[in-house]
Amino acid sequence: MNKITFTVPPVGWILSFLILSACQDVKMPSSPLPENTSSLNKPDVPESNSMVEEIFVTTSFDSMDFGFEYGNVFTTQSLPGPDGLVSLREAIIAANKTPGPQIIGFRIPKSDPGFNGTVFVLKNGYYEGIRREYDALAGNETTINGETQTAFTGNTNPSGPEILLTSDSWGDLTVGLRINSAGNVVNGLIISGFPGAGIVIEGVNAKNNTISSCFIGIAPDGRTAMPNDIGIMIRSFASKNVIGTSSSRNIISGNIGDGIGMGQATENQIQYNYIGLDATGTGAVGNGCSGMSIQAESNGNFIGWNVISANQRNGVEIGNSNQNKFCANMIGSDQSGMGNQYFGIAIIPDNGSSNGNRFNYDRIHNNNYAGIVLDGIVTGSTLNECSVIKNNGPGIHIGPNKASGNYIASCKISENKGNGIEIFGESTNNSILACQFKYNQGLAIDLNGDGETPNDAGDGDSGPNNLMNFPVLESARLFRKMVTRYVYVYRGYYSYYGYFSTPTYYTCTTYQEEVNVLCVQGYIDTPNPQSVDIRMYGGGGNTEGLYQVRATPDNNGRFIYEGETGTDVWGSNTIITATASDANGNTSEFSKPIAIIR
């Protein structure tokens with residue numbers, strides 16, 4: 001199990017409490033918690049046809065009544081055995097030994113001793129005095145579909161699946177199910193109570209497998225923990241596997257370690273799951289470590305539309321892994337008491353680096369310390385249009401150990417119990433552009449975590465973001481101005497074989513309109529100034545921006561912006577403040593605000 005030792009708060013931190021991508025065009029839904037939380041629905045599992053062989057498990061007992069050794073050939077044609085029953089172990093071994101795709105379904109009668117009135121309990125058995133794992137899915141294209149039991153006996157467990165795979169022995173580190181081949185589907189099972197991982201997907205041949213509609217680490221009632229050691233482990237170059245679909249989420253909660261662990265896992269998709277919550281998405285059943293831990297060169301994975309809350313460590317923990325893409329996840333929760341216990345997102349590589357992880361439209365709310373932490377050699381991370389709200393510490397903490405060249409754009413950073421963004425130590429070239437800050441208890445942006453950093457002549461000092469000087473605003477004025485609008489009307493078309501094509505000429509009409517114009521002047525004393533982001537606020541410098549524009553300084557650092565505001569800003573208490581960025585991407589703290597002259 002991959003774990004990172006972490007002490008909170010780390011030495012050198014000053015906390016106030018004493019990463020476009022495949023989802024580039026996807027907008028965050030109004031709420032990540034669906035109104036109908038019973039949607040453990042049908043996945044895309046193969047339908048029964050002449051090309052797909054069906055095997056039905058008819059007993060909860062883990063029997064092998066063939067007297068075979070594992071090396072012997074034994075196929076689906078051998079089923080059932082002498083006892084007339086088919087166990088899950090027999091079904092898996094037969095599917096592995098039989099060419100082509102198979103569906104393993106369930107037709108266990110209610111008279112079976114494993115039926116407890118709600119679910120059918122399957123425990124892996126002892127062989128040669130040792131409790132054995134179920135055989136790995138090794139033959140490709142095997143579907144284990146627990147929903148067939150519901151079709152056979154009816155919905156005996158309204159809270160979730162009817163088939164429970166579990167173990168009553170913690171002396172042997174057995175795994176619930178192991179997958180080391182391609183194209184398999186595991187659907188509609190409860191896999192809980194194993195001393196090892198609930199599911200392990202491993203090896204270069206483990207590709208294009210799907211896990212859907214499963215409870216992993218949670219009891220049949222969907223509300224209480226029935227822990228595995230780890231929920232799901234994807235490792236050893238397993239790739240392109242899918243954990244959860246839009247209609248068939250998994251509940252991965254209540255495990256002793258991480259909900260999902262990754263090590264050397266690439267291009268997998270983790271989506272639409274509840275990780276740390278109950279089956280309704282409204283109750284906390286946190287995993288004992290992080291909701292998701294991405295380690296050991298696990299690169300290029302996609303994580304989208306999950307709710308990752310109430311876990312006892314971090315929501316998402318990223319180590320020496322690169323180019324992972326996140327979209328529209330809820331990390332923490334809008335609901336009180338359901339944030340993750342440490343950080344929402346922690347990118348902290350251990351004796352390595354992490355590059356190019358991207359977050360788009362994610363919501364990082366109500367976590368118990370910082371919302372986001374970047375510390376260590378963390379470069380090229382992108383946060384785009386994320387919201388970082390109501391965390392019990394700073395919204396975003398960067399550093400002190402060379403977290404550089406990261407990019408935070410168009411994010412909403414509000415109501416955190418600390419600074420909005422704070423940068424420490426040797427962390428430089430971090431860009432903060434077009435973000436909104438509202439009601440954070442510290443500064444909106446704080447370089448070095450020590451309050452406002454005064455400018456120095458020539459900006460020659462060093463430190464976090466090179467202690468970039470903030471711009472000096474000299475004047476800000478709003479006035480009304482008449483402008484001429486141009487309207488072009490196309491009058492003629494070129495015809496080609498009866499079809500209209502491009503216009504050949506147009507006429508132009510004009511009209512006059514009175515608009516609001518903002519004029520701001522100032523300067524920035526720093527080498528290689530790149531841009532100044534000017535924000536207009538409705539009262540108080542740490543409130544949400546009403547309007548934002550960008551000015552380009554000249555070679556002497558002076559800038560003048562004049563342009564239409566595009567909004568009515570003629571109310572009272574309107575002020576201007578600004579940040580500056582240099583050619584390397586270092587962004588400053590906010591300037592001292594000035595009032596607008598009307």
Side-chain angles (χ1 to χ4, degrees), residues 9 12-18 370-371 388 391 393-400 403 408 411 413-476 520-527 529-545 548 551 553 557 559 573-582 584-596:
W13 280 46
I14 301 177
L15 299 182
S16 65
F17 54 85
L18 303 319
V388 186
N391 296 286
I396 301 175
H397 177 103
I398 301 175
I408 304 167
C411 293
I413 303 168
S414 303
E415 301 177 74
N416 298 289
K417 293 183 180 179
N419 298 310
I421 299 175
E422 56 188 23
I423 305 176
F424 288 83
E426 301 174 90
S427 300
T428 60
N429 304 341
N430 295 290
S431 298
I432 306 165
L433 304 174
C435 293
Q436 297 178 350
F437 298 86
K438 182 178 181 180
Y439 303 136
N440 298 292
Q441 291 188 8
L443 296 181
I445 300 173
D446 190 347
L447 304 184
N448 216 32
D450 54 0
E452 182 181 302
T453 303
N455 287 340
D456 62 306
D459 203 7
D461 53 0
S462 61
N465 264 17
N466 286 336
L467 295 180
M468 172 80 176
N469 279 352
F470 55 77
V472 176
L473 301 179
E474 297 174 312
S475 65
V520 181
Q521 297 187 55
Y523 66 91
I524 172 68
D525 182 11
T526 191
Q530 185 78 11
S531 62
V532 173
D533 284 343
I534 300 166
R535 294 167 174 83
M536 183 180 296
Y537 290 92
N542 197 28
T543 58
E544 187 171 355
Q548 179 169 304
F559 59 88
N573 298 321
T574 306
I575 62 171
I576 289 287
T577 186
T579 59
S581 298
D582 66 14
N584 295 318
N586 293 292
T587 297
S588 72
E589 295 179 354
F590 275 92
S591 70
K592 297 181 184 301
I594 63 172
I596 296 174

Which heavy atom of [X] sits nearest a heavy atom of [Y], and at what distance?
X	Y	answer
G451	L443	C-CD1, 3.5 Å
G557	P529	CA-CG, 4.2 Å
A370	N391	C-CB, 4.3 Å
G371	V388	CA-CG1, 4.3 Å
D525	A457	OD2-CA, 3.5 Å

Gap separating the [atom1] atom of [X] from the [atom2] atom of [Y], nearest 0.5 angstrom:
X	Y	atom1	atom2	value
I413	C435	CD1	SG	4.5 Å
H397	N416	NE2	CG	14.0 Å
C411	I421	SG	CD1	7.5 Å
N465	I423	CG	CD1	4.0 Å
N466	T526	CG	OG1	8.0 Å
S588	I445	OG	CD1	6.5 Å

Can a donor-acceptor pair be found, under 3.5 Å and without considering hydrogens, that links the side chain of [X] to the backbone of [Y]?
X	Y	answer
N455	D459	no
N430	A403	yes
N440	G418	no
N419	A444	no
D446	E589	no

Residues that [X] engages under side chain to side chain contact (heavy atoms under 4.5 Å, CB included), provided they are two or more places apart:
X	value
D582	M468, N584, N586
D533	L433, R535, Q548, R550, T579
E415	I389, K390, Y439
L473	V520, F559, I576, A578, S591, I594

V472/I524 under side-chain contact (heavy atoms from CB on, under 4.5 Å): CA gap, chis, key distance, verdict: CA-CA 6 Å; V472 176; I524 172 68; over 6 Å; no
T587-S431 side chain donor-acceptor pair, cut-off 3.5 Å: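 Distance-only check fails for T587 and S431.
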Residue list, salt bridge (Lys or Arg N to Asp or Glu O under 4.0 Å) with E452, at least two apart or on another chain: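 Testing E452 for salt bridge (Lys or Arg N to Asp or Glu O under 4.0 Å), a comparison that skips the adjacent residues, returns K592.
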Stepwise side-chain contact (heavy atoms from CB on, under 4.5 Å) check, F437 with I432: CA-CA 11 Å; F437 298 86; I432 306 165; 4.2 Å; yes
Derivation and outcome, side-chain contact (heavy atoms from CB on, under 4.5 Å), residues I396 and I408: CA-CA 10 Å; I396 301 175; I408 304 167; 4.0 Å; yes
Side chain proximity check, P464 to T428, heavy atoms < 4.5 angstrom: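 A side-chain contact under 4.5 Å is absent here.
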Pairs involving residues 424-437, ordered by first then second residue, that meet salt bridge (charged side-chain N to carboxylate O under 4.0 Å, His left out) (sequence neighbours left out):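 Checked against salt bridge (charged side-chain N to carboxylate O under 4.0 Å, His left out) - neighbours excluded - no pair reaches residues 424-437.
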